[in-house]
Participant: 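This structure is in structure tokens; I'll ask about it shortly.
Model, not experiment: these values are computed from the prediction.
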Amino acid sequence: MPLELTSVIILEKGDFMNNIYNIFGLKREAILLDSRLYILKAMCAISAGFILGNAFSITRMDMISVMLGVMYNLEAINVSGVKGGINQMLASTLGAMTTGLLVYAMGYNVTVLTVAIGMGLTLYIALIIDYRMVSPVAIFTSIYMSQFIQRDVAGNPSVLLTFQLRIAALGLGILIAITFNYLFSFLYYRQIGRRRLEFAKLQSLIGLNKTIEELSSNPSDHNTNNTILALVFSDIEMVKSNVETMMKETWLPFNLKEKKNLHIIYEVIKSLKIIIHLAYDSNYIHVENNVVVCDTDIETLRNIIQLLGTIDFTQKEKRSFTMLNVLDSADNRISDNIGLMSIEFNKVLSLTQTIQ
């Protein structure tokens, strides 16, 4: 077979495999969020839940609660998740007690009033424990206590048996989830901050490229549409929250250098968040106030995108970067915004060189 033909066939096979991977493979963003590790952790944890749940006579009667307890409490961000698991168990226990007492007091012939009051009290308790999120496990527990009432050996309905079964099964599931969260956190915890920062960088590039596209167009050609930037802003805020969680983590053995890196990464993420906020504002002003953007500002944005794209936060090799020149801004808010974006980006470059 001629060499040229062989090369073409190999190239076509390579392209085919790349296309298959692009269709069925995880995106890089998902990989940076440790999705592969999360899938493996979920498979191991649910297997342990199935085996251990069937090993005990009481939990064997409610395997759904065991496995739901496992999956609801597995941390996708791969930190230890001990506090979250304890909060969910506490909210679920109090919710089960509240709803169970209501059922007992109002009669086993459950009415809409029993269900409504039980759910309301459960949500109230869950929000007292953690006002940011209502535990789905606690919600399910409230429903469980009114809809899946167990019977004793005499065939009589029993709130106590229902409570014991639910808490035993759920508690086992949460304990298994906490254990696997903790064990798996040792695999990647030193790289989590860098990987989250790289994810934030990729999302920032999407937002900045969209900003150039918007600012380079005629403002009268379209209405304000900052949906993409809003999604990018939300993703960066999620990463910021993840890093904050890691900074507060007491169950992982971060050394002084790693703790310092987390604080630096946190500051970089804050600067990226400010940059996207300024980009969002610039797009809005461009369309709503019909402001024409000068070529110098567009070129500054291109330089930011180019330089940001050359940084790989997952690599430990240090690189030196030339700081952007912060130009005198024109007399409009968009130019002011881009000047501020240059300042924040220079801060990103400076901080990046201090990550060890």
Participant: Return yes if some donor-acceptor pair links the side-chain N/O of Gln150 with the main-chain N/O of Phe148 below 3.5 Å, else return no.
Facilitator: yes
Participant: Between Gln203 and Leu231, is the side-chain contact (heavy atoms from CB on, under 4.5 Å) condition met? List the steps.
Facilitator: CA-CA 9 Å; Gln203 299 309 103; Leu231 292 173; over 6 Å; no
Participant: Quick one: CG on Leu301 to CD1 on Ile334, what's the gap to the nearest 0.5 Å?
Facilitator: 10.0 Å
Participant: Would you call Glu198-Arg194 a salt bridge at under 4.0 Å N-O?
Facilitator: no
Participant: Pick one: which of Leu278, Thr300, Ile298 meets side-chain contact (heavy atoms from CB on, under 4.5 Å) with Ile338?
Facilitator: Thr300
Participant: Side chains of Leu308 and Ser204: closer than 4.5 Å at any heavy-atom pair?
Facilitator: yes
Participant: I'd like to know if the side chain of Thr59 and the backbone of Gly53 have a donor-acceptor N/O pair within less than 3.5 Å.
Facilitator: yes
Participant: Quick one: does any side-chain atom of Lys201 pair with a main-chain N or O of Ile311 as donor and acceptor, under 3.5 Å?
Facilitator: yes
Participant: Are side-chain heavy atoms of Met247 and Val243 found at a separation under 4.5 Å?
Facilitator: yes
Participant: Any chance you could measure Glu299, atom CD, to Arg302, atom CZ, to the nearest 0.5 Å?
Facilitator: 7.0 Å
Participant: May I ask you to check whether over 12 heavy atoms, not counting those of Asn109, lie within 6.0 Å of atom CG?
Facilitator: no
Participant: For Ser241 and Glu237, indicate whether the former's side chain and the latter's backbone hold a donor-acceptor pair under 3.5 Å.
Facilitator: no
Participant: Please check if the number of heavy atoms outside Lys240 that lie under 6.0 Å from its NZ is greater than 12.
Facilitator: yes
Participant: Are Phe163 and Val103 in one and the same hydrophobic cluster, where Ile, Leu, Val, Met, Phe, Trp and Tyr link if side-chain heavy atoms are under 4.5 Å apart?
Facilitator: yes
Participant: If you define the side chain from C-beta out and look only at heavy atoms, does anything of His277 sit under 4.5 Å from Tyr280?
Facilitator: no
Participant: If you count heavy atoms of other groups shown closer than 6.0 angstrom to CG of Asp152, is the number above 12?
Facilitator: yes
Participant: Are Leu202 and Val268 connected, step by step, through hydrophobic side chains (Ile, Leu, Val, Met, Phe, Trp, Tyr) whose heavy atoms are closer than 4.5 Å?
Facilitator: yes
Participant: Mind checking whether Tyr284 and Leu229 sit in one hydrophobic cluster, side chains of I, L, V, M, F, W, Y counted as touching below 4.5 Å?
Facilitator: yes
Participant: For the CD1 atom of Ile206 and the CD1 atom of Ile276, what is their distance to the nearest 0.5 Å?
Facilitator: 9.5 Å
Participant: Applying side-chain contact (heavy atoms from CB on, under 4.5 Å) to Asn332 and Ile285, what does each step give before you reach the verdict?
Facilitator: CA-CA 10 Å; Asn332 64 68; Ile285 296 300; over 6 Å; no
Participant: Shortest non-hydrogen contact from Ser65 to Tyr144?
Facilitator: OG-CE1, 3.9 Å
Participant: Counting distance only, does the side-chain N/O of Ser92 pair as donor-acceptor with the main-chain N or O of Met89 below 3.5 Å?
Facilitator: no
Participant: So do the side chains of Lys260 and Ile264 get within less than 4.5 Å of each other, counting heavy atoms only?
Facilitator: yes
Participant: State, with a plain yes or no, whether a side-chain heavy atom of Asn73 is found less than 4.5 Å away from one of Ile178.
Facilitator: no
Participant: Against Leu272, only a single residue in Leu197, Val239, Val232, Leu208 fulfils side-chain contact (heavy atoms from CB on, under 4.5 Å); can you say which?
Facilitator: Leu197
Participant: Considering non-hydrogen atoms only, spot the tightest contact between Phe140 and Arg166 and give its length.
Facilitator: CD2-NH2, 3.1 Å
Participant: Go through the steps to decide whether Arg195 and Phe199 satisfy the test side-chain contact (heavy atoms from CB on, under 4.5 Å), and finish with yes or no.
Facilitator: CA-CA 6 Å; Arg195 295 166 76 87; Phe199 173 81; over 6 Å; no
Participant: Please round to the nearest 0.5 Å and tell me the distance separating atom OG1 of Thr211 and atom CG of Asn337.
Facilitator: 10.5 Å
Participant: Could you go through the side-chain contact (heavy atoms from CB on, under 4.5 Å) check for Ile143 and Val115 one step at a time?
Facilitator: CA-CA 7 Å; Ile143 296 171; Val115 173; over 6 Å; no
Participant: Check whether more than 12 heavy atoms from other residues, nucleotides or ligands sit under 6.0 Å from atom CD1 of Ile64, and answer yes or no.
Facilitator: no
Participant: Mark yes or no for whether Ser234, through its side chain, and Ala230, through its backbone, hold a donor-acceptor pair below 3.5 Å.
Facilitator: no
Participant: Can you name the nearest heavy-atom pair linking Gly100 to Met145, along with the distance?
Facilitator: CA-CE, 3.8 Å
Participant: Would you say Ile274 and Ile236 are hydrophobically clustered, going by side-chain heavy atoms of ILVMFWY under 4.5 Å?
Facilitator: yes
Participant: Working to the nearest 0.5 Å, report the span between CD1 of Ile117 and OG1 of Thr111.
Facilitator: 8.0 Å
Participant: Linking I/L/V/M/F/W/Y whenever their side-chain heavy atoms sit closer than 4.5 Å, directly or via other members, would Val70 and Leu183 fall into one cluster?
Facilitator: no
Participant: What's the shortest heavy-atom distance between Cys44 and Phe180, and which atoms?
Facilitator: CB-CE2, 3.6 Å
Participant: Looking at Ile176 and Ala45, what are the two nearest heavy atoms and their distance?
Facilitator: CG2-O, 3.7 Å
Participant: When you compare the side chains of Ser142 and Thr99, does any donor N or O come within less than 3.5 Å of an acceptor on the partner?
Facilitator: yes
Participant: In this structure, are over 12 heavy atoms from other groups packed under 6.0 Å from Met97 atom CE?
Facilitator: no
Participant: Got a sec: does the OH of Tyr104 have more than 12 other heavy atoms crowding it under 6.0 Å?
Facilitator: no
Participant: Between Met63 and Gly49, which heavy-atom pair has the shortest distance, and what is it?
Facilitator: CE-O, 3.8 Å
Participant: How long is the gap from CG on Leu307 to CZ on Phe345, to the nearest 0.5 Å?
Facilitator: 4.5 Å
Participant: Is there side-chain contact between Ile304 and Met341, with at least one heavy-atom pair below 4.5 Å?
Facilitator: yes
